[in-house]
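To keep things clear, I will list the structure first and then write my remarks on it.
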Amino acid sequence: MFDLDPTALIASGAIVIFLTQQAKRWVMPDFLPLVALAFGIIIQLVNDLALTADPITAATVWTSIVIGAGVGMAAAGAYDLAGRTAATPP
């Protein structure tokens, strides 16, 4: 059903981080993890549904949402960790 390509997942995470960085202009900082989560879900849905040759089912959509949520949460964590370590002087 799904071929979880590690390169595509890493690229999706990088795209989520980039879009979250751009969203900082319009979104309060407290809501950025939710924005990253939403971007992860949207990007994964678009990726999976655009590239699938199989018929789209509820299971396909749900799997894309779960994988996208994981990508979004991982990207939010990486973004937060990078921000914390960059702000702390050695």
If you look at every heavy atom in Ile17 and Ala78, which pair is closest and at what distance?
-> CD1-CB, 4.3 Å

Leu19 and Phe31: same hydrophobic cluster, using ILVMFWY side-chain contacts below 4.5 Å?
-> yes

From Ile67 CD1 over to Asn47 CG, what is the distance, rounded to the nearest 0.5 angstrom?
-> 9.5 Å

Sole residue of Val16, Val71, Ile15 in side-chain contact (heavy atoms from CB on, under 4.5 Å) with Phe39 = Val16

Donor-acceptor pair, side chain of Ser64 and main chain of Thr60, under 3.5 angstrom | yes

In terms of heavy-atom contacts, Ala36 and Ala76 come closest through CB-CB, 3.8 Å

Residues in side-chain contact (heavy atoms from CB on, under 4.5 Å) contact with Ile41, at least two apart in sequence or another chain | Leu37, Leu45, Ile65, Ala69

Cluster question for you: counting only ILVMFWY and a side-chain heavy-atom cut-off of under 4.5 Å, with indirect links fine, are Ile42 and Leu49 together?
-> no

Give a yes or no on whether Trp62 and Ile56 share a hydrophobic cluster (residues Ile, Leu, Val, Met, Phe, Trp, Tyr; joining criterion: side-chain heavy atoms under 4.5 Å apart).
-> yes

Heavy atoms of other groups near Trp26 CH2, more than 12 under 6.0 Å | yes

Is there side-chain contact between Gln21 and Phe18, with at least one heavy-atom pair below 4.5 Å?
-> no

Considering all heavy atoms, the nearest Val35-Ala23 contact | CG1-CB, 4.0 Å

Tell me, do Gln44 and Ser12 make a side-chain contact under 4.5 Å, heavy atoms counted?
-> yes

Between Pro33 and Pro29, what is the shortest heavy-atom contact and its length?
-> CD-O, 3.9 Å

Would you kindly confirm whether Ile43 and Val27 end up in one hydrophobic cluster when ILVMFWY residues are joined by side chain heavy atoms under 4.5 Å apart?
-> yes

